Amino acid sequence: MTEPTNQNTTAIIGVGNIGGAVARHLVRGGKSVVLASNDASNAEARARELGSLARAASVEEAIASADTVVLALWLDAIKGLVPQHTKLFEGKVVVDPTNPIGFDEKGQPMRTLPEGQSSGSIVAALLPVSAHYVKAFGTLAADALAASAFREPRRAALYYATDDDVAATTIERLISAAGFDPLKAGGLAAAGRIEAPGGDLHQFGFNGEIVDLDQARAALAK
C-alpha cells in the first residue's frame, strides 16, 4: 500500500472554528489547502485571507482535487455528506475531528451518542473500504486549537487514532506542519479516548490543560 502522491494539498470541508484553524495552521506550515463550505462566500473569504496557498472550491471539487480531506463538520452533517459523495472518498485519507457533543434546549453541552460509542466509529463506517480513515484535530477545544500551534519552547501535542498506515503517515505530516507534535493514541477502537465528552486523552480529560509530547506520552502509558 502506498501513500497518496498529492502530498501538498489538503481539502478542508467546513470553515468554522475547527476547519478555519486547521487551514490557517497548515498554510503557516507551508501546505496548500482547498476550502469548501455550504456557504461558498465563507470559503472564498477565508481563502483570500490565507493567501496564495489557499483556494476555495465547491465541496465536490475540493474532495476530488485532494488526496487528504478534513471533515470539519458536525457529525450529523457528515452523516448527510459522505453518503452523497461516497465514490469521491475512494482512496482518500479522511481526517475526522468530530466529537459527540451537542447542546440541549438550555444551551448546555450534552453527549449525543450512547456511552461507549465514538463518533469516529460512525464516520469510519460511512466511508468506502478504500478510504484511509484517521481521527485527528479534534482533541483540543476550538479556541485552544486556534491558539496553541507552533508553541515554544515545547509544542503542544495532538493525539490521533487510526488502524491505517497510510493515514498514520499522512496525519503525522499534517499535524507537524500545523505546528503540533503528533502522537498515536491507538487504532479506531481508541477514538473515544480522544473525543469529548468523556475521553481521558481529550483536552477536557486533562482538566483543560494543553499538554506537550512528554505529558501526552505519560498519560497514554497509564
Side-chain angles (χ1 to χ4, degrees), residues 4 6-82 84-85 88-89 92-99 101-103 119 123 126-127 131-151 155-156 158 160 167 170-182 195-196 203 210:
N6 183 9
Q7 297 184 10
N8 295 318
T9 301
T10 299
I12 300 176
I13 312 302
V15 292
N17 292 336
I18 297 294
V22 172
R24 184 170 69 254
H25 297 334
L26 288 177
V27 166
R28 180 177 174 184
K31 299 298 182 182
S32 297
V33 296
V34 183
L35 308 181
S37 170
N38 283 337
D39 186 341
S41 63
N42 284 345
E44 291 164 359
R46 185 59 62 94
R48 287 194 297 271
E49 172 190 324
L50 293 177
S52 61
L53 288 177
R55 66 181 180 89
S58 69
V59 171
E60 294 81 1
E61 182 189 350
I63 297 170
S65 66
D67 284 310
T68 301
V69 182
V70 180
L71 295 175
L73 303 166
W74 290 95
L75 179 57
D76 282 348
I78 292 175
K79 288 179 182 178
L81 175 74
V82 174
Q84 292 177 19
H85 304 293
L88 290 178
F89 287 100
K92 307 290 184 181
V93 174
V94 180
V95 183
D96 165 27
T98 59
N99 286 291
I101 190 168
F103 298 91
S119 62
V123 176
L126 293 171
L127 295 167
H132 308 283
Y133 173 86
V134 57
K135 163 71 66 173
F137 284 129
T139 59
L140 298 179
D143 57 347
L145 180 69
S148 301
F150 302 97
R151 195 173 67 171
R155 286 187 169 196
L158 289 186
Y160 69 91
T170 300
I171 199 61
E172 292 222 351
R173 173 172 48 81
L174 290 178
I175 289 174
S176 296
F180 298 91
D181 281 337
E195 293 179 359
Q203 181 190 357
I210 301 169

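A quick note: this is a predicted structure, and the numbers were derived from the prediction, not measured. For the numbers below, each heavy atom of this structure counts, side chains included, while hydrogens, waters and symmetry mates do not.
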List for me each residue that meets side-chain contact (heavy atoms from CB on, under 4.5 Å) alongside [X], sequence neighbours excluded, and say none if there are none.
X	value
Ser176	Pro182
Arg55	Val34, Ala57, Glu61, Ser65
Ala142	Asn17, Ile18
Ala47	Leu35, Ala54, Ala56

To the nearest 0.5 Å, how far apart are [atom1] in [X] and [atom2] in [Y]?
X	Y	atom1	atom2	value
Leu71	Ile78	CG	CD1	4.5 Å
Arg24	Leu145	CZ	CG	8.5 Å
Asn42	Ser37	CG	OG	5.0 Å

Any [X] side-chain heavy atom under 4.5 Å of [Y] side chain:
X	Y	answer
Leu81	Ile13	yes
Thr9	Asp67	no
Thr170	Val134	no
Val69	Val93	no
Ile210	Gln203	yes
Leu126	Phe89	no
Leu174	Thr68	yes

Pairs flagged by salt bridge (charged side-chain N to carboxylate O under 4.0 Å, His left out) wherever residues 132-142 is involved - sequence neighbours left out: Asp96-Lys135, Lys135-Glu195

Which residue pairs satisfy the salt bridge (charged side-chain N to carboxylate O under 4.0 Å, His left out) criterion with at least one member in residues 32-47, sequence neighbours excluded? Arg46-Glu49

Is the side chain of Ser119 donor-acceptor paired with the backbone N or O of Thr98 at a distance under 3.5 Å, no angle test? yes

Is there a donor-acceptor pair under 3.5 Å between the side chain of Lys92 and the backbone N or O of Tyr133? no

Which pairs count as ring-ring contact (aromatic ring centres under 6.0 Å, His included) when at least one residue sits in residues 21-45, sequence neighbours excluded? His25-Phe180

ring-ring contact (aromatic ring centres under 6.0 Å, His included): which pairs involve residues 27-76, sequence neighbours left out? none

What are the two closest heavy atoms between [X] and [Y], and how far apart are they?
X	Y	answer
Leu26	Ala177	CD2-CB, 4.3 Å
Ala64	Leu88	CB-CD2, 4.1 Å
Ser148	Ala156	O-CB, 4.1 Å
Ala146	Ala21	CA-CB, 4.0 Å
Ile12	Ala72	CG2-CB, 4.3 Å

Test side chain to side chain contact (heavy atoms under 4.5 Å, CB included) on Ile175 and Phe137; report intermediate values, then the result. CA-CA 8 Å; Ile175 289 174; Phe137 284 129; 4.0 Å; yes

